[in-house]
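First listed ligand is number 1; within each ligand, the first listed atom is number 1.
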Amino acid sequence: MREKAERFGISIPKKLLDRFDNYIKGRGYSNRSEAIRDLMREYLVAIEWEGSGEVVGSLTLVYDHEVRGVADKLTHLQHEYPGNIVSSMHIHLDERNCMELLVIRGSAKDVQKIADSLISSRGVKQGKLAASTIGKNIP
Ligand code: NI
């Protein structure tokens, strides 16, 4: 069932609105309403990450598999935080470089801690955590 929508008017400085319109046009939004709804959801997700509830994040790591570190740490963390690392995918990029994609679920504090621990491992060339939501409290 489609949720009932409320309409409201807001006043925004012209320059700010122009820049916003320009930005959303380049992002493929067909109208302001959808762009504003997405911004509000982003804001709510950011708030979730400041709280103690459950969140989910995806961590992307690119590392040199010849350097001992990441693989060992990954195994170690999966034992230390059972249930938090819910899925992983490994891609062999070339003869030395690997990409690991991890889905990590739990409190924001735990997810960040697990991600930081992996990102700071020896051999990691790049690590990026995308903060996401389990969706339950985001309309
Ligand atoms: Ni590999």
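For the atom pair CG (Leu102) and OG (Ser87), the distance works out to 8.5 Å, reported to the nearest 0.5 Å.
Applying the ring-ring contact (aromatic ring centres under 6.0 Å, His included) test to every pair with at least one member in residues 96-139, sequence neighbours left out, gives no pairs at all. Residue pairs meeting the salt bridge (charged side-chain N to carboxylate O under 4.0 Å, His left out) criterion with at least one member in residues 11-30, sequence neighbours excluded, are Lys14-Asp18, Asp21-Arg32.
Annotation: side chain of Val55 is not in contact with side chain of Arg105 (no heavy-atom distance under 4.5 Å).
Applying the side-chain contact (heavy atoms from CB on, under 4.5 Å) rule to Asp64 yields the partners Glu66, Val67, Arg96, Lys125; only residues at least two apart in sequence or on another chain are considered.
The set of protein atoms (N, O or S) found at less than 2.8 Å from the Ni ion (ligand 1) reads His90 NE2, His92 ND1, Cys98 SG, by chain and number.
The pair Arg37-Glu6 does not count as a salt bridge, with every side-chain nitrogen at least 4.0 angstrom from each carboxylate oxygen.
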